[in-house]
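Throughout, a chain's letter reflects where its sequence line sits, starting with A, and its residues are numbered from 1.
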Amino acid sequence: MSARVFVPADSSALSVGADAVAGAILDEARRRGVDTTIVRTGSRGLFWLEPLIEVETAAGRIGYGPVAPDEVARLFEAGFLTGGSHPKALGRVEDIPYLARQQRLIFARCGLTDPLSIDDYRRHGGLRGLEYALRLGPKATIEEILASGLRGRGGAGFPTGVKWRTTAGIEAEQKYVVCNADEGDSGTFADRMLMEGDPFLLIEGMAIAALSVGATKGYVYIRSEYPHAFAVFSRAIGRARAAGLLGPSVLGSGRAFDLEPRLGAGAYICGEETSLLESLEGKRGQIRVKPPLPAIAGLFGKPTVVNNVLSFASAPWILEHGAKAYADYGVGRSLGSQPFQLAGNVRHGGLVELAFGASLRDLVEGFGGGTRTGRPIRAVQVGGPLGAYFPASLLDTPLDYESMAAARGMLGHGGIVVFDDSVDMARQARFAFEFCAKESCGKCTPCRIGSTRGVETVDKIIAGRDRERNVQLLRDLCEVMTDGSLCALGGLTPLPVVSALDHFSEDFAGAPARVAAE
Amino acid sequence: MSGRTAFDVDLARTLIDRKRTLPGATLPILHDLLEQFGYIDDDAIPLIADALNISRAEALGVVSFYHDFRRSPVDGRVLKLCRAESCQAMGCEDLVSHLAVRHGVTVDGLDEGSGIRVESVYCLGNCALSPAALLDGEPIGRLDRDRLDALVAGAQRKMQ
Ligand SMILES: Cc1cc2nc3c(=O)[nH]c(=O)nc-3n(C[C@H](O)[C@H](O)[C@H](O)COP(=O)(O)O)c2cc1C
Ligand code: SF4
Ligand code: FES
């Protein structure tokens, strides 16, 4: 029997040489005349171990990592094809504490299977949610989603079932479902991993949504910074069509649904749903004034469900296991699981899917193992570029929508970026404004002009000019932006800025004062 | 990128025609032009406007709104260097100054014979392995000065 070796083709794994490792394994196997098959998978999300290769043995899948191409010959000598010991051996991958401690609902299959094999997908439980939804019918399907408490994972946390019910309730000859795969938040990569590692799950989730709201056409808007995800996902759509999961009769139901992938073009604002719809229509990605909500008048003016990748991808699990089982995870009004993403200056960066309510400390210290540089953690930004910076003293804050808001932050898309004590928080505040200025769609003044004023004001503070007055000016400006911006780009840019001012005021002491303090 | 060719009106027209009937065709068309020529030539604007039945000002407005649609040709490789928070935490700004000091390469400047154009991007979804970059679409993780030196040297060799 041919030995099976699993090598990720996830773009993070590729970024540290996974292709070269796969090539080296094939070469070495040929040289030794050992029958070996390589299966390219997604990533398990333990990125500090990439390239993390796995072999199938009687005892389960044994991992080795991080593997360099020049270590492959030694791995063969050590008998890795049967799980032989080697300094890079990790034992059974599912027993690695980082993975074993997670509650993987959405990411259960990612890294395990061949992302482009429908057979593999089915063998590992795929399509059960959609099949059940087809038996339930649209109304009861939406009831399940409502009862599960699922809230949008793109950042705003709006109840997904309410959105679906709205669109379902409107008579229209054409409706759409649109997947927001713009994943613009820095420090996040869950959408990307899923599209590369388990794309049929997103397709299945979108099909469930489409059939329950009565949409026949869907678009997936993928950021252009993800060329690999775009390529993999486009191929997955082709396979899904060939297998009858998409097309004129979804799984033989007689009901049509088809999908088209579209590429963004490097504009953060196009992650905002109305701007995304403008972009899909071929226009500048400028915000639309709401109402009307996209659920009522969205793409090309038709009722449109817009959801994040992870929101759609949660639907199959909910349908398969039931709303109650899903709602058993989580706390308060934050139900189910959240794929957190650990990034920045952290030893063990990766994907950590957990029920809501875990503490920030458990993530950055428990899972993350502290900073990669070995220096003390000074700041942790949660929720992307519009999220607050937390000081080490607030690490016990629970990660759920309500606790984050109470701590004057937000969960966003679940990105967690760690900084050590070399970070300069005035610089980070400056960057928040700079980014806002760069990405502003230009529609409203507080954001368009305010962001540039913000950069200038922070510069004055950094230069030590009129510090107190300028800090006050900065706070006033933040208030104006919070209250007067049309959308959350201008409206939330104050979040990182104010959190930096509140928790790290010493960094705004101005150059002379800081030198004196050192 | 090896596949890039010099701007050619007839080829541009063919590419535009291929997608003009798609709903919301502007971005798909611009991406095809970008992939073929490496930039959006000024002469492509009226072609797009005519094909999509929009004004030239509108077509230009779309092109200029999106960071991807660069307006001048590139002759070397394109390195998209992430400068967002996770990569900041791992020293991407040091790489930016290293490029300037050591190689005379200005990020977001023109490539003028250096063989490499470096453009800022804000997150490549490779934040667990920051600093991250894309070299002509190929992902690079844990980028450091040495690797950067090798990339620049490789791009320069290719130019000669
Ligand atoms: C500036 C800005 C950027 C956003 N970027 C994204 C994004 O990249 N991905 C995403 O899913 N939602 C993003 N959102 C949120 C969307 O507007 C919208 O709430 C979401 O797509 C709805 O899907 P959900 O309910 O499933 O979260 C962004 C919002 C704003 C204001
Ligand atoms: S806040 Fe900024 S991005 Fe949002 S609508 Fe106003 S100008 Fe556009
Ligand atoms: S912040 Fe640089 S890759 Fe995400």
field: Pro28(B) versus chain A, the contacting section by heavy-atom distance below 4.5 Å
entry: side chain
- prompt: With only heavy atoms counted, which part of Ser11(A) is less than 4.5 Å from chain B, the side chain, the backbone, both or neither?
  reply: both
Best-contacting candidate, Leu22(B), Ile54(B), Ile29(B), Leu30(B), against chain A by heavy atom pairs under 4.5 angstrom: Leu22(B)
- prompt: Can you check side-chain hydrogen bond (donor to acceptor under 3.5 Å, both in side chains) on Glu50(A) and Ser12(A), steps first, answer last?
  reply: CA-CA 8 Å; Glu50(A) 295 287 4; Ser12(A) 273; over 6 Å; no
Chain B contact via Thr373(A) - which portion, at a heavy-atom distance below 4.5 Å: neither
query: Going by heavy atoms in the side chains, are Leu134(B) and Val121(B) under 4.5 Å from each other?
result: no
- prompt: Looking at Tyr219(A), Trp48(A), Phe419(A), which one has more heavy-atom pairs under 4.5 Å with chain B than the rest?
  reply: Phe419(A)
field: Under 4.5 Å from any heavy atom of chain B - which part of Phe435(A)
entry: side chain
- prompt: Can Glu93(B) and Arg83(B) be counted as an ion pair, charged N to O under 4.0 angstrom?
  reply: yes
- prompt: Non-hydrogen atoms of chain B under 4.5 Å away: do they reach the side chain of Gln428(A), the backbone, both or neither?
  reply: side chain
message: Do Arg70(B) and Tyr39(B) have side chains that approach each other closer than 4.5 Å (heavy atoms only, starting at C-beta)?
response: yes
field: Asp144(B) bridged to Arg147(B) by N-O distance under 4.0 Å
entry: no
- request: Can you tell which part of Tyr221(A) gets under 4.5 Å to a heavy atom of chain B, answering side chain, backbone, both or neither?
  value: side chain
task: Check whether Leu129(B) gets within reach of chain A through its side chain, its backbone, both or neither, counting any heavy atom under 4.5 Å.
output: side chain
- request: With a 4.5 angstrom heavy-atom cut-off, could you sort out which part of Cys441(A) is near chain B: side chain, backbone, both or neither?
  value: both
- prompt: Are any of the side-chain nitrogens in Glu58(B) or Lys283(A) under 4.0 Å away from the carboxylate oxygens of its partner?
  reply: no
- request: Measure distances from Leu14(A) to the heavy atoms of chain B and classify the residue's part below 4.5 Å as side chain, backbone, both or neither.
  value: both
message: Between Arg430(A) and Asp424(A), does any side-chain N to carboxylate O distance fall below 4.0 Å?
response: no
